[in-house]
Number of protein chains: 2
Amino acid sequence: MSAGRTARERVRAELTREITDIARRQLALDGAAGLSLRAVAREMGMVSSAIYRYFPSRDDLLTALIIDGYNALGEAVENADAACPPGDHTGRWLAVCHAVRDWALAHPHEYALLYGSPVPGYKAPVDTVAAAIRDTVVYGRIVSDAHRAGVLNPPDLCPPVPASFGRDAARVRELMPGVPDEVVARAVTAWTGLFGWVGFELFGQFNNAILDPAPAFDHAVRCHAALLGLPV
Amino acid sequence: MSAGRTARERVRAELTREITDIARRQLALDGAAGLSLRAVAREMGMVSSAIYRYFPSRDDLLTALIIDGYNALGEAVENADAACPPGDHTGRWLAVCHAVRDWALAHPHEYALLYGSPVPGYKAPVDTVAAAIRDTVVYGRIVSDAHRAGVLNPPDLCPPVPASFGRDAARVRELMPGVPDEVVARAVTAWTGLFGWVGFELFGQFNNAILDPAPAFDHAVRCHAALLGLPV
DNA sequence: AAGAAACGAGAGCACCGCTCTTGACGATCT
DNA sequence: AGATCGTCAAGAGCGGTGCTCTCGTTTCTT
């Protein structure tokens with residue numbers, strides 16, 4: 001890796017990057033279905049078949065964009081978390097949730113690529129999975145930090161988690177060490193609730209009901225935080 | 001409407017129905033992007049241009065499928081609600097949530113069409129909106145029924161809803177008359193949480209973390225019910 | 001019975017993803 | 001220095017797509 005040694009390697013890396021840049025711009029304009037290898041090639045002054053030297057198929061180009069997207073979202077989430085005082089767990093949680101929504105609103109088509117319906121026939125390669133959990137790691141760290149600090153007091157209103165959740169909880173707990181099953185379950189619920197909210201807003205599911213989503217969203221993530229046991 | 005008067009109207013209605021049936025089957029196999037007017041025509045033994053006598057564009061055919069999908073989901077939700085004792089509000093809520101998940105798992109591509117990323121360039125016509133809220137009406141009725149019965153005791157753990165939510169709450173309240181803003185906000189949160197969960201499960205966002213989603217889902221919707229103030 | 005409307009078939013346009021071949025260029029080895 | 005081998009852009013071409021237009025035919029309406 002590093003800086004390509006030979007001139008050929010350098011120009012290849014540069015062209016690869018230019019392809020993804022143009023593709024990302026097309027994606028932002030027309031969405032995933034509007035992404036066309038021929039159009040990318042046209043914009044680069046190349047012929048369409050030349051693109052296949054760099055990406056063996058359209059799906060591979062999409063995969064590159066997906067990985068980039070997960071990393072961009074993950075970085076936004078990491079930055080939002082890092083900008084908060086580490087001891088302010090509730091503030092970190094809220095900041096991270098708002099970072100997700102802000103990033104989604106700024107990059108709607110990329111968000112749709114990551115969290116919308118999977119492109120039919122497209123199977124996520126393993127490479128994407130590693131990038132996909134980059135933001136999830138941050139949520140988990142906030143929860144486990146709060147738990148370790150002893151400030152996590154989940155209200156006693158949910159029924160006990162079923163024993164059958166234990167195996168799944170153990171897997172999720174790798175992201176939030178030491179956290180009991182009850183809290184793991186609520187963290188998953190808060191996590192899905194966050195993305196459910198953002199998806200509904202972005203994909204127009206609120207129709208004409210919620211015209212001012214920002215305050216409603218803020219209230220929702222505060223509810224999630226309270227359910228989680230964070231002080232609100 | 002009713003039975004077409006003339007023979008031509010009857011055969012037209014029949015062919016229209018056959019087109020949507022074949023299209024729905026294609027949709028179930030390959031997803032929305034794999035839906036091809038030419039393939040539908042081929043399967044009907046027609047020539048592709050003939051389809052345009054019935055649907056002026058591919059998007060119009062998709063719109064018909066979307067409306068059918070919303071109605072199918074709405075009907076499943078209505079049936080699940082109707083099968084419960086009207087006074088068992090918590091049971092109705094849980095039944096409705098499970099009905100959404102069950103329908104989504106049984107019709108993944110149709111669900112993706114309704115709640116996944118909107119097809120780029122596709123603007124939902126007004127016809128779809130009416131069908132889209134068919135299930136939402138049921139959620140609203142359960143909440144307002146519970147409120148009217150006096151069994152709704154929302155726990156005091158969320159911060160107060162911001163005043164700016166008032167106008168949106170008024171709009172949502174048309175689906176759940178008499179319900180105070182605090183509960184309206186939580187209902188929206190539970191609603192988005194429900195679909196966020198189902199979407200994550202269906203679109204593979206749980207990766208290798210949650211392998212046994214059913215009990216976790218049940219716990220999540222019970223948490224939502226508790227947050228709403230339903231007795232759990 | 002005559003005119004109007006609806007219909008299916010066919011050809012054709014501009015796209016798309018993808019494959020294969022060709023000829024030129026550049027790095028590497030003898 | 002010259003031959004070799006891998007890489008590259010280009011072009012033609014295949015089968016597919018949504019969509020449009022025209023042309024006879026059929027069916028309904030008046």
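We use all heavy atoms of the structure for the numbers below, so side chains are in, but hydrogens, waters and symmetry mates are not. First the proteins, then the strands, lettered A, B, ... as listed; each starts at 1.
Within 4.0 Å (heavy atoms only), B:L61 reaches no atom of the nucleic acid at all. Nucleic acid contact class of B:L15 (heavy atoms, under 4.0 Å, all strands): sugar-phosphate only.
Nearest to the side-chain atoms of A:S36 among the listed nucleotides D:dT17, C:dC16, D:dG18 stands C:dC16.
Partners of A:R167 under the salt bridge (charged side-chain N to carboxylate O under 4.0 Å, His left out) rule, at least two apart in sequence or in another chain, do not exist in this structure. Residues satisfying the ring-ring contact (aromatic ring centres under 6.0 Å, His included) criterion with A:Y111, sequence neighbours excluded, are A:Y115. Here B:F55 pairs with nothing under the ring-ring contact (aromatic ring centres under 6.0 Å, His included) rule; sequence neighbours left out. For A:R171, the side chain to side chain donor-acceptor pair (under 3.5 Å) criterion is met by A:D168, not counting sequence neighbours. For A:R8, there are no salt bridge (charged side-chain N to carboxylate O under 4.0 Å, His left out) partners at least two apart in sequence or on another chain. Taking A:R24 as the reference, A:D21, A:D68 meet the salt bridge (charged side-chain N to carboxylate O under 4.0 Å, His left out) condition, with sequence neighbours excluded.
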Let me have the donor-acceptor pairs involving side chains of residues 205-224 of chain B, under 3.5 Å, with sequence neighbours excluded, atom names and distances please.
| residue | atom | partner | partner atom | Å |
| --- | --- | --- | --- | --- |
| B:Q205 | NE2 | A:Y70 | OH | 2.9 |
| B:D218 | OD1 | B:H98 | NE2 | 3.3 |
| B:D218 | OD2 | B:R222 | NE | 2.7 |
| B:H219 | NE2 | A:P159 | O | 3.0 |

Scan the side chains in residues 185-197 of chain A for donor-acceptor partners under 3.5 Å anywhere in the protein, sequence neighbours excluded, and list what turns up.
| residue | atom | partner | partner atom | Å |
| --- | --- | --- | --- | --- |
| A:R186 | NH1 | A:P155 | O | 2.9 |
| A:R186 | NH1 | A:L227 | O | 3.1 |
| A:R186 | NH2 | A:P155 | O | 3.0 |
| A:T189 | OG1 | A:A185 | O | 3.0 |
| A:T192 | OG1 | A:V188 | O | 3.1 |
| A:T192 | OG1 | A:T189 | O | 2.9 |

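Applying the salt bridge (Lys or Arg N to Asp or Glu O under 4.0 Å) test to residues at least two apart or on different chains, the pairs with a partner in residues 36-45 of chain B are B:R25-B:E43.
As rounded to whole Å, 15 Å separates atom P of D:dC8 from atom CD of A:E18. We find that CZ of B:R42 is positioned 16 Å from C1' of C:dA9, with the value rounded to whole Å. Residue A:D30 contributes atom CG, which lies 14 Å from atom P of C:dC15 at whole-angstrom precision. As rounded to whole Å, 12 Å separates atom P of C:dC7 from atom CE of B:M44. Put simply, CD1 on B:I19 is 13 Å from P on D:dG18, counting in whole angstrom units. For A:L37 and D:dG16, the CG to C1' distance is 15 Å, given to the nearest whole Å. Between B:D60 atom CG and D:dG18 atom P the separation is 13 Å, expressed in whole Å. Here the P atom of nucleotide C:dA11 and the CZ atom of B:R38 are 12 Å apart, to the nearest Å.
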Just the table, please: protein N/O against nucleotides 25-30 of chain D N/O, every pair under 3.5 Å.
| residue | atom | partner | partner atom | Å |
| --- | --- | --- | --- | --- |
| D:dT26 | O2 | B:R8 | NH2 | 3.1 |
| D:dT27 | O4' | B:R8 | NH2 | 3.1 |
| D:dC28 | OP1 | B:A7 | N | 3.3 |
| D:dC28 | OP1 | B:R8 | N | 3.0 |

Quiz prompt | Secondary structure of DNA chain D in dot-bracket form (Watson-Crick or G-U wobble, distances below 3.5 Å, | marking inter-strand pairs) | solution = ||||||||||||||||||||||||||||||

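Listed by residue number, the members of residues 45-56 of chain B with any heavy atom below 4.0 angstrom from DNA chain D are B:S48, B:S49, B:Y52.
With A:T128 contributing its side chain and A:I67 its backbone, the two residues share no donor-acceptor pair below 3.5 Å. With hydrogens and angles ignored, the 3.5 Å screen pairs no side-chain donor or acceptor of B:R134 with any backbone N or O of B:L73. A side-chain donor-acceptor contact under 3.5 Å links A:R58 to the backbone of A:L35.
Side-chain N/O atoms of A:R12 include one lying less than 4.0 angstrom from OP1 or OP2 on D:dC8.
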